[in-house]
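Everything numeric in this text was worked out from a predicted model, so none of it was measured. When reading the values below, keep in mind they use all heavy atoms of this one structure, side chains included, and skip hydrogens, waters and symmetry mates.
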Amino acid sequence: MTAVAVVRSETTLPFQVGVIAWHPSNHWLAAGASRLAGAHSPVGGLARVDAATGLVRWHLPGEHLVTSMAVRADGRLTAALQRSSESAGRVKVLAGATGGTMFDTAGLGEVRYSPDGRFLVHENSSARTVLVDAATGQLVRDVGDGAAMAAFSSDSATLAVAEGSRLLLWDLTTGTLLATTPLTAVPMDMSFSGAGNRLVLCRGAKATVVDGRTGAVVATTTLDLPHQTFDSLRPRRISPDGHVIAALVALGVVGCRVADGQRLFFSKFDAGDFRFTGALEFSPTGDHVAIDRGFGVAPDQPRHGVAVLDTRSGAVLWQDVRDEVRAVSHSPDGTQLAAAGRGASGNGFVRIYYARHLELSRRRVRGRVFHVAAGAGRIAAADDASTATTVDCATGAVLVQRSHTGKLSAIAMSDDGRHVVTGSTARLVHLFTAEKGVPVWAARFGGAVNGVAIGGERIAVAGADRTARLYPRDAGADPEQQSPLWTAMHPQPVTAVALGAHHVATACNDRVTRILDIRDGAELHRISHPNGKATGIAFSGDLLAVGVTDGTARVVDATTGATRLQVTHPSDIVAVAISADGALLATAGAEPAVRLWHVSGTGQPLRTLPQTGPVTALSFHPADRSLAIATEAGMVSIVDANGVPLAHSTHPAAVRHLVHSADGRVLATACDDEHVRAFTTIPL
C-alpha cells in the first residue's frame with residue numbers, strides 16, 4: 001500500500017489514548033489514558049510505544065487517567081494521574097526503560113521538565129505550583145498558585161508562571177523572583193521565543209508580548225479572529241518562534257501574526273464545532289500545524305482523523321480520517337507525527353506518520369493544470385494557457401516553461417524523466433529535454449494532436465487526421481520533421497493512444513478500440529462498443545482496460561483479443577485504471593463513486609467507494625494495488641486493494657488529473673488553482 005500520509009507504525013492499546021509525549025531521542029513516546037468525549041467509565045493506563053515498530057515496551061494498567069505527561073532526556077517519564085471519580089491525584093515519575101516507579105507525590109495539573117532536565121514543575125497537593133529537583137523529587141521552591149501555566153526559557157535560565165492574576169518570572173540560576181506582571185486570567189498558551197528574551201502569552205483574541213527578564217509588557221495585539229459564540233474559549237497555540245498564533249474556532253482554524261494580529265490564513269470546514277477542547281500543535285519548524293479532524297464536523301457526525309495544515313496558506317496538506325483522534329504531537333526533530341485516540345473497536349490507538357514524506361513540492365504555473373505526467377524526479381504539467389512546464393519534484397523549481405502555438409492538448413514524460421512530448425491543436429508534436437527544454441525533434445500532423453504516450457524508446461501519437469503514428473525517441477535523420485516508424489490509418493479521428501510492452505492501443509471516433517502490433521502498426525484485434533465512445537484506455541502488461549460512455553468497461557488480453565472481464569456501470573464511464581499486476585480494475589462514472597473489480601471475478605464489484613464529488617482521474621501505484629482518486633471537489637484519496645481509505649489530501653480547487661511516476665516514488669496532481677503538486681508515495 002501507499003499513502004500521501006505515510007504511516008510508520010500503528011499500535012492498539014487497551015485504553016483510549018488522550019495524552020502523548022515524545023522522548024527527546026524521537027525513538028519512542030508515552031501514551032496515557034484520559035477521558036474522551038462520549039466515553040463511559042474509561043479504563044486507565046499508561047504505556048511506552050516504540051516509534052519505528054509500534055511495539056509496546058511496557059504497559060501499566062489501572063484506574064488512573066492521565067492529565068499531563070513529560071519525558072526527560074535521560075528517559076524518565078513524569079505523568080500526572082487522577083482517578084475519574086476523585087479530585088485528588090498523583091504526580092508519578094517512572095523509568096522510561098521499564099515503567100517502574102522511581103518516586104511519586106500528591107499533585108495534579110500540568111507537568112513540565114526544564115530543557116536541561118534539572119527541574120520539574122507541577123501542582124502539589126496544596127494547590128501550589130512547585131519547582132522540584134527532577135532527579136530526586138525534592139522541593140526546590142514554591143513558584144506560584146495552583147491552576148497555573150508554566151514555561152521554561154530555551155536555556156533553562158528563566159521560569160515563567162502565569163496565574164489567574166499575575167505573571168511571575170523566576171531566575172533559576174539564583175532562585176530569585178525577577179518580576180511580577182499583572183494578568184487578568186491564566187493564558188491558553190505561553191511560550192518563550194527566540195533566545196528567551198521575549199515571552200508570548202495568548203488568551204481569547206489577545207496576544208501579549210512580555211520582556212523575559214523585566215516582565216514589562218512590550219506589546220499587546222488583537223487577533224483578527226471570527227466573532228463566533230464561544231470562540232474566545234477555544235484552544236490557542238503559539239508557534240515555536242513566537243511569531244504566529246493558531247486558534248481553533250467554530251468554523252475551522254485561524255492563523256494570526258503576533259506582531260500586529262493580522263490574519264494569515266483561515267481554514268474553514270464544512271460545519272460548525274461546539275467543543276471547547278481539541279488537539280492543536282505546531283511542528284518544530286512552525287510550517288505545519290496538526291489538528292484533530294473533529295473540528296469542522298457537525299455534532300451528530302463521527303469525529304474522525306487528523307489533519308495537517310500548511311501555516312503559510314492554511315491549505316490542508318493531508319488528512320487521515322480512519323479513527324477518532326484526541327491527541328497529536330510532532331516528534332522533537334519534526335520528522336514524525338503521532339496521532340492517538342479511540343479506534344473503531346473502542347480500544348485506543350497510536351499511529352505514527354512520517355511527517356517529511358507528505359507533500360514534496362508545489363509550483364504555480366501559468367494557467368489551470370489539466371494534465372500531468374511524472375518521470376524519475378520530475379513532473380511535466382500542461383495548462384490551459386498553452387504552456388508545458390517541467391518541475392523538479394523535490395524542490396518545486398521550474399526547469400522548463402515552454403509556450404505552444406494553438407491549444408496544448410496532450411503531454412507525456414519518459415519514465416526516466418529525461419524527455420517530454422507534447423501535442424497541440426496547431427497540428428504539431430514536440431519532443432524536448434525535461435531539464436533544459438532543448439528541442440529533440442518536431443513532427444507535423446494533418447490535424448490536431450489528441451493524445452501522446454511514451455514507452456521506453458518509442459512515442460505514440462493519436463491524431464485528428466485519422467492516424468496513429470509511432471516515432472523513435474531519438475532525433476533521427478531529420479529532427480525538424482521527424483518521420484514515423486509507421487502510420488496506422490483509421491476511418492475517423494483517433495482520440496487516444498496507449499503504449500504497452502508489445503502493443504499500441506487506439507481509441508477512435510468510429511466507436512472501436514484497436515490493438516496494433518508495436519512492430520509495424522498492423523491491426524491485431526478490435527474491440528467494438530457501438531453504443532458509446534472510449535473515454536479511457538490503459539495497459540498493464542498485455543492486459544488492456546477500456547472504459548466507454550455507454551457505461552461498460554472491459555479488460556482484454558492484447559495478445560489474443562479475448563475479453564477477460566466486462567462490467568456495467570449505472571452511468572457513463574469517465575475514467576479507468578488497471579493495477580500493475582493486472583488483478584484489479586477501477587472504474588469511475590458520472591456519479592461520485594469509484595468501483596473496484598477483480599479482473600478474474602464474476603463481474604460484480606468488489607467495492608463501491610463513494611466520493612466527495614465527480615471523479616476526474618484514477619491511478620494505481622506501479623508496485624502495489626493502492627489506488628489514487630482525484631475529484632472535482634479537490635480531494636485526492638488513497639485507498640488500498642479492499643477500498644479501505646489510507647489517506648486524503650485536500651486541494652483548494654478541482655483536481656483534473658493525477659499520475660504516479662513509473663518508479664512509484666511520486667504522485668503528481670493537476671489542480672485548477674494553477675498549481676502542480678508532488679507527493680511522495682512510500683511503500684508501507
Side-chain angles (χ1 to χ4, degrees), residues 365-373 380-390 400-414 419-432 437 439-455 458-473 478-499 504-514 516 521 523 529 532-538 546-549 574-575 616-617 656-657 659 670 672:
V365 295
R366 293 176 179 171
R368 291 179 296 181
V369 187
F370 66 86
H371 201 90
V372 66
D383 63 46
D384 63 2
S386 294
T387 304
T389 305
T390 63
V400 176
Q401 208 158 39
R402 185 184 179 103
S403 297
H404 285 65
T405 302
K407 181 182 177 182
L408 185 61
S409 55
I411 195 167
M413 175 174 272
S414 59
H419 292 103
V420 176
V421 61
T422 59
S424 70
T425 57
R427 307 180 180 186
L428 288 170
V429 176
H430 291 280
L431 180 70
F432 54 92
V440 178
W441 55 257
R444 184 172 295 278
F445 274 58
V449 177
N450 291 329
V452 294
I454 301 180
R458 299 180 178 92
I459 294 173
V461 184
D465 62 354
R466 305 183 181 186
T467 67
R469 305 181 193 180
L470 191 71
Y471 290 89
R473 186 169 152 190
D478 185 7
E480 294 300 320
Q481 180 56 48
Q482 179 73 300
S483 298
L485 297 172
W486 52 256
T487 299
M489 296 302 301
H490 289 61
Q492 292 193 34
V494 182
T495 58
V497 65
L499 262 172
V504 177
T506 62
C508 183
N509 272 347
D510 68 346
R511 302 191 176 189
V512 174
T513 296
R514 291 169 173 82
L516 312 178
E523 182 177 319
H529 30 82
K533 296 181 180 180
T535 54
I537 53 176
V546 182
V548 185
T549 56
V574 298
T616 55
R656 297 299 173 186
H657 189 238
V659 67
D672 272 358

D672: partners by salt bridge (Lys or Arg N to Asp or Glu O under 4.0 Å), with sequence neighbours left out:
R656
Taking only residues two or more places apart in sequence, or in another chain, which ones meet R458 in a side-chain contact (heavy atoms from CB on, under 4.5 Å)?
L470, I518
Can you name the residues that form a side-chain hydrogen bond (donor to acceptor under 3.5 Å, both in side chains) with D384, not counting sequence neighbours?
R368
Could you check whether any side-chain N or O of T467 sits under 3.5 Å from a backbone N or O of T487, counting only pairs where one atom can act as donor and the other as acceptor?
no
Taking every non-hydrogen atom, the tightest pair across G406 and S386
O-OG, 2.9 Å
Can you confirm whether L516 sits close enough to T506 that some side-chain heavy atom of one is under 4.5 Å from a side-chain heavy atom of the other?
yes
Sorted by chain and number, sequence neighbours left out, side-chain contact (heavy atoms from CB on, under 4.5 Å) with D510 holds for P491, Q492, C508, V512, R514
Could you tell me which non-hydrogen atom of L499 sits nearest to which non-hydrogen atom of G455, and how far apart they are?
CD1-N, 3.4 Å
For the CD atom of Q401 and the OG1 atom of T390, what is their distance to the nearest 0.5 Å?
9.0 Å
A side-chain contact here means heavy atoms from C-beta on lying under 4.5 Å apart; do N509 and T495 qualify?
yes
Sequence neighbours excluded and cut-off under 3.5 Å, please list the side-chain donor-acceptor pairs for residues 421-430, or say none.
unit_1 : atom_1 : unit_2 : atom_2 : d
T422   : OG1    : H404   : NE2    : 2.7
S424   : OG     : T405   : O      : 3.4
S424   : OG     : A426   : N      : 3.2
T425   : OG1    : K407   : N      : 2.7

Do you know the tightest heavy-atom contact between A670 and V369?
CB-CG1, 3.2 Å
Do you know the tightest heavy-atom contact between L485 and P472?
CG-CD, 3.7 Å
Find out whether Y471 and L431 are in side-chain contact, i.e. whether some heavy atom of one side chain is under 4.5 Å from a heavy atom of the other.
no
T549 side chain reached by T535 side chain, heavy atoms, under 4.5 Å
yes
Residue list, side-chain hydrogen bond (donor to acceptor under 3.5 Å, both in side chains) with S409, at least two apart or on another chain:
none
Residues in side-chain contact (heavy atoms from CB on, under 4.5 Å) contact with A534, at least two apart in sequence or another chain
A507, T513, H529, V546
Applying salt bridge (Lys or Arg N to Asp or Glu O under 4.0 Å) to R473 and not counting sequence neighbours gives D416, E457
Can you name the residues that form a side-chain hydrogen bond (donor to acceptor under 3.5 Å, both in side chains) with H657, not counting sequence neighbours?
none
What residues, two or more places apart in sequence or in another chain, satisfy side-chain contact (heavy atoms from CB on, under 4.5 Å) together with A382?
F370, H371, L408, I411
For the CZ atom of R469 and the CE atom of M489, what is their distance to the nearest 0.5 Å?
8.5 Å
For H419 and V440, work out which heavy atoms get closest and say how close.
CD2-CG2, 3.8 Å
Note: R466 and P493 closest approach over all heavy atoms is CG-N, 3.8 Å
